[in-house]
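Here is the structure we will look at, set down as structure tokens.
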Amino acid sequence: MAECGIFGVYGFKNVAFSIDGSLVTNFDEGDDCITIEPTSDLGTPKVGADGGSILSITADQSATVTIRLLPNSPMNRFLENKVKRMRSGALTGTTFAIGFTDLSSTETGGCTQAIVMREPTTTRGVNANNLEWAFFCPCWQKGIVQVNAA
């Protein structure tokens, strides 16, 4: 008899995302309400005239983190206030910590000095629209949650 493959279950209720120590709620619908994208490729290849090659690994650990929220998410007000501080010329209080945990895959990640990089576009129509926020994280650190089997 053939062995069975690994079985898993995924649910967004097992995903937690926090900003400045507060749990973010009221995410938009869809499969991409949280995205974490490295700012640059891990390495840059170079091929010599004789066919020899090398890959230069970057030290860049930065990432762009994008979240899509419903208009009634309390986090929108917090982020709007951060943007106001930035636009007023404030030199402190503009960065914040971000944390991400997915217990389904045991993936985690975080950044201690995130900053708003892009504000949402304002749109109005028949239905409520999402608000998409993008953050720059100068040093995104991936991790793994250790889950013990019962």
Side-chain angles (χ1 to χ4, degrees), residues 3-46 55-150:
E3 293 212 21
C4 294
I6 296 172
F7 177 76
V9 175
Y10 171 81
F12 194 74
K13 291 280 189 183
N14 291 325
V15 175
F17 191 87
S18 65
I19 294 179
D20 214 28
S22 296
L23 191 62
V24 179
T25 59
N26 292 39
F27 283 94
D28 190 33
E29 63 188 356
D31 293 331
D32 60 350
C33 51
I34 301 172
T35 57
I36 302 163
E37 181 179 2
T39 305
S40 61
D41 290 340
L42 178 60
T44 305
K46 186 171 190 172
L55 182 75
S56 298
I57 304 297
T58 183
D60 183 359
Q61 294 183 59
S62 66
T64 299
V65 176
T66 305
I67 61 173
R68 292 185 312 125
L69 303 175
L70 294 174
N72 63 345
S73 173
M75 190 53 65
N76 289 316
R77 179 71 58 210
F78 171 84
L79 294 169
E80 288 165 2
N81 286 333
K82 287 291 185 184
V83 169
K84 284 179 186 174
R85 279 190 63 73
M86 292 169 66
R87 293 195 186 282
S88 73
L91 300 176
T92 60
T94 56
T95 62
F96 43 89
I98 287 178
F100 166 78
T101 302
D102 180 350
L103 293 177
S104 301
S105 68
T106 69
E107 181 183 7
T108 68
C111 169
T112 59
Q113 294 184 349
I115 192 163
V116 175
M117 185 172 77
R118 187 176 60 249
E119 298 175 79
T121 301
T122 301
T123 56
R124 295 293 182 265
V126 174
N127 294 310
N129 294 296
N130 69 49
L131 297 173
E132 183 175 289
W133 294 91
F135 314 108
F136 175 71
C137 292
C139 187
W140 182 260
Q141 296 292 307
K142 287 184 176 185
I144 297 291
V145 176
Q146 295 299 324
V147 179
N148 297 323

| task | Could I get the full list of side-chain contact (heavy atoms from CB on, under 4.5 Å) partners for Thr58, not counting sequence neighbours? | result | Ser40, Asp60
| field | Ala90: partners by side-chain contact (heavy atoms from CB on, under 4.5 Å), with sequence neighbours left out | value | Arg85, Ser88, Thr94
| said: Between Ile67 and Ile19, is the side-chain contact (heavy atoms from CB on, under 4.5 Å) condition met? List the steps. | reply: CA-CA 11 Å; Ile67 61 173; Ile19 294 179; 4.0 Å; yes
| field | Separation of Glu29 CD from Phe12 CZ (nearest 0.5 Å) | value | 12.5 Å
| said: Run Ile115 and Met86 through side-chain contact (heavy atoms from CB on, under 4.5 Å) and show every step you take. | reply: CA-CA 9 Å; Ile115 192 163; Met86 292 169 66; 3.8 Å; yes
| Yes or no on side-chain contact (heavy atoms from CB on, under 4.5 Å) for Phe27 and Met75, after CA distance, side-chain angles and deciding distance? | CA-CA 10 Å; Phe27 283 94; Met75 190 53 65; over 6 Å; no
| message | Can you give me the closest heavy-atom contact between Ala114 and Ile98, atom names plus distance? | response | CB-CD1, 3.4 Å
| task | Calculate, to the nearest 0.5 Å, the distance between atoms CG and CG belonging to Asn14 and Asp102 respectively. | result | 7.0 Å
| said: Give me the atom names and distance for the closest heavy-atom approach of Trp140 to Ala63. | reply: CB-CB, 3.7 Å
| query | Shortest non-hydrogen contact from Asn76 to Asn72? | reply | ND2-N, 4.5 Å
| Closest non-hydrogen atom pair, Ser104 against Gly11 | OG-N, 3.7 Å
| query | Hey, mind stepping through Thr35 and Thr66 against side-chain contact (heavy atoms from CB on, under 4.5 Å) and telling me if it holds? | reply | CA-CA 5 Å; Thr35 57; Thr66 305; 3.2 Å; yes
| said: If I take atom CD from residue Gln61 and atom CD from residue Gln141, how far apart are they, to the nearest 0.5 angstrom? | reply: 5.0 Å
| Rounded to the nearest 0.5 Å, what separation is found between the CG atom of Leu55 and the CG atom of Asp41? | 9.5 Å
| Crowding at CG, Leu91 (>12 non-hydrogen neighbours, <6.0 Å) | no
| query | Sequence neighbours excluded, which residues qualify as side-chain contact (heavy atoms from CB on, under 4.5 Å) partners of Asn127? | reply | none
| task | Compare every heavy atom of Thr95 with every heavy atom of Lys82, then report the nearest pair and how far apart it is. | result | NZ-O, 3.7 Å
| message | Please list all pairs meeting ring pair (Phe, Tyr, Trp, His ring centres under 6.0 Å) that have one or both residues in residues 73-119, counting only residues at least two apart or in different chains. | response | Phe96-Phe135
| field | Interatomic distance, Leu69 atom CG to Ile34 atom CD1 [nearest 0.5 angstrom] | value | 9.0 Å
| said: Once side-chain contact (heavy atoms from CB on, under 4.5 Å) is applied, do any residues pair with Pro138, and if so which ones, sequence neighbours excluded? | reply: Cys111, Gln113, Phe136
| remark: For Ser73 and Thr25 the tightest heavy-atom approach is OG-O, 2.7 Å
Compile the donor-acceptor pairs under 3.5 Å between side chains in residues 118-125 and protein atoms, sequence neighbours left out, one pair per line.
{"unit_1": "Arg118", "atom_1": "NH2", "unit_2": "Glu132", "atom_2": "OE2", "d": "3.3"}
{"unit_1": "Glu119", "atom_1": "OE2", "unit_2": "Arg87", "atom_2": "NH2", "d": "2.4"}
{"unit_1": "Thr123", "atom_1": "OG1", "unit_2": "Asn129", "atom_2": "ND2", "d": "3.2"}

